[in-house]
Amino acid sequence: MTEIINETPDKIKKTANAIKKLRPAYSKILDFYEKIFTAQEKSAAKTEIKPAQLSDDILSIKTKEKFPLVSLSEFPVDVNSSRKLFKKICKIINKSENHMSSAAEVIFAANENKKIDFNELYTALLHDNDVSFGNIAAELKTDKDVLAFITYNSMRPSLSMFAESLSKYIDKDNPWEKGYCPVCGNAPVISTFESDGKRFLTCSFCWHKWPATRLFCPFCENRDSGTLHYLFSEDEQEYRIDVCDRCNKYIRNVDTRILSRFVYLPLEQIATFHLDIMAKEKGFESGVPLEFQV
Ligand SMILES: [Zn+2]
Ligand SMILES: [Zn+2]
């Protein structure tokens, strides 16, 4: 039997090392996220999700109305693999000794004592039920934001896998003319330029990547060249910040054609905080929903 070797963890390590060399200030945070992303990739290899099936009727309505294919509550989670990843992420946070460590310790202990009902936890997050999620955090006597961070990151392999199974229903050749993710309806987290100068946006929730028009603000769907521009630094030709004067929002953009390293977008997102600072200093706001800003 041939064993399938997942090369991504190794590539993540190499990419993180390359970025750390260029920008040593990111070393600590990259060390942390490299561990989280590696754990997610390893968990993905053991995650099983039934591929999505949409009927022709549903698909034709969604396509015609430009609705996202599914709502968040329709995302399935492989609870078996996600709860193992949940435990692993708690351990990574504890070892990293960062601002989440003490809360993660409480959560880890609660899990060891079988006090966490994972079905309830995942359902609360996917149904965006803030009250119910807050109650779970209160019962566990822990910080709600840290619990949300661990919960979301532990189900991310399931989310990406389900989104991937839906991508067959999406037109990959033409730009999607809406600002939200065609799979789940969330805002994009990052923009990329890829071969032939084509632009893509990547979802902040399910990490689906879709083709987008180059001159386009995903937050207000502005297409006017007079009010769309970008900020950049001479030292970093691979990055720029697309800004919109109409809604005052920005999105970070990575020109993957310039990068010789393996591009792993979650890492690029982490390693571009300085662009956020630059944009905010100029008076722009992030278009990424607060809960997905790391
Ligand atoms: Zn999405
Ligand atoms: Zn805008």
Side-chain angles (χ1 to χ4, degrees), residues 40 44 47 49 51-52 54 58-59 62-63 65-77 122 125-128 148 151-172 175-192 199-231 240-253 264-266 268-269 275-276 278-280 282-294:
Q40 287 172 333
T47 297
I49 288 292
L54 296 182
I58 295 278
L59 188 61
K62 302 252 182 189
T63 311
E65 302 292 339
K66 298 210 179 329
F67 288 151
L69 294 179
V70 288
S71 63
L72 301 196
S73 58
E74 290 173 84
F75 275 81
V77 176
Y122 291 134
L125 201 82
L126 287 170
H127 283 75
D128 202 15
T151 306
Y152 169 72
N153 277 290
S154 72
M155 59 185 189
R156 203 157 101 176
S158 293
L159 304 179
S160 298
M161 211 170 273
F162 190 63
E164 175 64 32
S165 78
L166 282 159
S167 65
K168 66 181 175 212
Y169 296 114
I170 290 169
D171 180 356
K172 291 177 192 66
W176 167 247
E177 296 296 344
K178 291 283 169 189
Y180 47 79
C181 170
V183 168
C184 76
N186 270 284
V189 68
I190 202 159
S191 164
T192 43
R199 185 192 191 198
F200 291 84
L201 295 169
T202 296
C203 178
S204 55
F205 181 77
C206 74
W207 287 80
H208 173 72
K209 187 169 79 174
W210 68 92
T213 308
R214 259 183 97 113
L215 206 57
F216 174 68
C217 168
F219 308 114
C220 71
E221 298 180 1
N222 182 11
R223 290 174 173 81
D224 165 33
S225 62
T227 48
L228 290 168
H229 51 112
Y230 59 88
L231 311 169
R240 70 181 220 186
I241 311 162
D242 290 330
V243 298
C244 172
D245 289 334
R246 198 164 92 179
C247 69
N248 212 38
K249 292 195 172 143
Y250 69 86
I251 187 161
R252 286 171 277 178
N253 184 82
Y264 190 73
L265 283 181
E268 299 297 336
Q269 189 211 353
L275 301 185
D276 277 76
M278 194 202 284
K280 281 175 183 154
K282 304 257 182 208
F284 293 98
E285 287 166 35
S286 173
V288 180
L290 206 59
E291 62 269 35
F292 298 119
Q293 292 180 22
V294 287

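Ligands are counted one by one from 1 in listed order, and the atoms in each one are counted from 1 as well. For clarity, every value in this text was computed on a predicted model and none was experimentally measured.
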Worksheet item: Quick one: how many protein N/O/S atoms are under 2.8 Å away from the Zn ion (ligand 2)?
Response: 4

Practice prompt. For residues 212-227, pull every pair meeting salt bridge (charged side-chain N to carboxylate O under 4.0 Å, His left out), keeping only residues two or more places apart or in separate chains.
Written response: E177-R223, K178-E221

Discussion item. Ignoring hydrogens and geometry beyond distance, is a side-chain donor-acceptor pair present between S154 and Y122 at under 3.5 Å?
Written reply: yes

Worksheet item: In this structure, which one of V183, L166, L72 forms a side chain to side chain contact (heavy atoms under 4.5 Å, CB included) with C206?
Response: V183

Practice prompt. Nearest 10° is fine: what angle sits at the Zn ion (ligand 1) between SG from C203 and SG from C181?
Written response: 110°

Worksheet entry | S191-N253 side chain donor-acceptor pair, cut-off 3.5 Å | yes

Practice prompt. Answer yes or no: are there more than 12 heavy-atom neighbours, outside L215 itself, under 6.0 Å from its atom CG?
Written response: yes

Item to complete: Please answer whether the main-chain N or O of Y250 pairs with a side-chain N or O of E285 as donor and acceptor at a distance below 3.5 Å.
Response: no

Practice prompt. Using the Zn ion (ligand 1) as the apex, give the angle to atoms SG (C206) and SG (C184), rounded to 10 degrees.
Written response: 120°

Discussion item. Looking at the Zn ion (ligand 1), is there an N, O or S atom belonging to H208 that lies under 2.8 Å away from it?
Written reply: no

Worksheet item: Looking only at side chains, do H229 and D245 share a donor and an acceptor under 3.5 Å apart?
Response: yes

